[in-house]
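Below: the structure, in structure tokens.
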Amino acid sequence: EEAFQKLSDNFDNYLLKNYLKRLPHVIQNTIKRRAILLEKDKAIASLKVNQEKFNMITENISEVFWIANHNYDEIIYLSPYFETIWERNCQEMIAQPENFLKTIHPDDRKSIVKILNNSALNKTGYSTEFRILKPDGTEKWILGKGFPIKNTEGNVYRFGGTFIDITETKKTEETLKIQTTYFEQLF
């Protein structure tokens with residue numbers, strides 16, 4: 001039994017020494033994993049804060065902010081104000097981006113397609129005015145602006161932009177034009 005006890009003590013010593021040899025490595029790995037988890041938590045918290053800021057802006061501005069892929073055949077994002085101007089559902093438009101062109105006044109559609117194709121081909125921005133048709137058939141004037149978005153390698157991989165309802169401005173311009181013509185005829 002004494003021999004067994006010595007053997008057991010030696011085995012315990014062996015295990016303890018082996019464990020103590022590995023202990024710094026285990027502690028170091030544990031510290032590294034904990035640091036990685038802390039960085040991940042910080043990154044997630046930062047993303048949440050940035051998402052909240054983005055939402056505060058896009059949900060409260062009275063213009064549409066949008067993001068599309070590099071050749072405009074996929075809508076990645078439409079801000080909620082799209083529904084106010086177009087009177088159409090954002091998610092449905094994102095799911096079926098081909099329907100976007102159908103909302104543009106038939107007389108303006110061809111020029112818009114040309115502008116978008118030119119923008120995608122040359123990877124350039126644009127600014128243009130066009131009309132849309134709401135579901136009830138009434139027209140709205142839109143100022144559309146688009147700009148290229150580059151990835152970390154410097155390549156254009158998306159386009160972003162805004163749509164602003166300029167219907168009231170157009171009505172005012174038309175009224176002024178009529179009044180100017182009227183006064184010119186008087187004098």
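Computation of the quantities below employed the complete heavy-atom set of this structure, encompassing side-chain atoms and omitting hydrogens, waters and symmetry-equivalent molecules.
A distance-only check finds no donor-acceptor pair linking the side chain of Thr128 to the backbone of Gly144 [under 3.5 Å]. For the pair Arg109 (side chain) and Ile104 (backbone), a donor-acceptor distance under 3.5 Å is present. The main-chain N or O of Thr124 is never found under 3.5 Å from a side-chain atom of Asn122 such that the two would form a donor-acceptor pair. In this structure a side-chain-to-backbone donor-acceptor pair under 3.5 Å is missing from Asn29 to Arg33.
Centroid-to-centroid, the aromatic rings of Phe100 and Phe130 stay 6.0 Å apart or farther. Checked against the 6.0 Å centroid criterion, the rings of Phe147 and Phe159 do not qualify as a close aromatic pair. Aromatic ring centres of Trp86 and Phe163 lie closer together than 6.0 Å.
Taken together through direct or relayed side-chain contacts under 4.5 Å among Ile, Leu, Val, Met, Phe, Trp and Tyr, Ile166 and Trp66 form parts of separate hydrophobic clusters. Ile67 and Leu101 are not part of a single hydrophobic cluster, where members link through side-chain heavy atoms under 4.5 Å apart. Put simply, Ile61 and Tyr81 are part of two different groups of oily side chains (I, L, V, M, F, W, Y) that touch within less than 4.5 Å, one to the next. Residues Phe82 and Ile112 share a single hydrophobic cluster, defined by chaining ILVMFWY side chains whose heavy atoms lie under 4.5 Å apart. Transitive grouping of hydrophobic side chains (ILVMFWY, heavy atoms separated by less than 4.5 Å) keeps Leu143 and Ile115 in distinct clusters.
Side-chain contact between Ser119 and Tyr72 is present, with heavy atoms from C-beta onward closer than 4.5 Å. In this structure the side chain of Glu173 reaches within 4.5 angstrom of the side chain of Lys170, judged on heavy atoms. Residues His105 and Glu139 form a side-chain contact, since some pair of their non-hydrogen atoms from C-beta on lies under 4.5 Å apart.
Nearest heavy atom pair, residue Lys123 against residue Pro148, reads O-CG, 3.7 Å. Scanning both residues, Gly160 and Ile149, for their nearest heavy atoms gives N-CD1, 3.6 Å. Taking every heavy atom of both residues into account, Cys90 and Ser79 meet most closely at SG-O, 3.4 Å. Contact record, Lys134 with Ile85: CD-O, 3.9 Å, taken as the closest heavy-atom pair. Smallest separation of non-hydrogen atoms from Arg131 and Asp107: NH2-CB, 3.4 Å. Shown here for Glu87 and Pro135, the closest heavy-atom pair between the two residues is O-CG, 3.4 Å.
With values rounded to the nearest 0.5 angstrom, Asp165 atom CG is found 11.0 Å from Glu63 atom CD. The line from CD1 of Ile132 to CD1 of Ile142 is 4.0 Å long, rounded to the nearest 0.5 Å. To the nearest 0.5 Å, atoms CD1 (Ile31) and CG (Leu38) are separated by 11.5 Å. Here CD of Glu129 is found 10.0 Å from NZ of Lys145. Values are rounded to the nearest 0.5 Å. Distance check, rounded to the nearest 0.5 Å: CG of Asp41 to OG of Ser46 gives 12.5 Å. The CG atom of Leu78 sits 7.5 Å away from atom CE of Met93, with the distance rounded to the nearest 0.5 Å.
Ionic pairing of Glu168 and Lys171 is present here: one or more N-O contacts between side-chain nitrogen and carboxylate oxygen are shorter than 4.0 angstrom.
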Test side-chain contact (heavy atoms from CB on, under 4.5 Å) on Lys150 and Asn155 and set out the steps. CA-CA 5 Å; Lys150 296 180 180 181; Asn155 300 316; over 6 Å; no

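Inspection of the Lys102 and Asn99 side chains reveals an N or O donor paired with an N or O acceptor under 3.5 Å.
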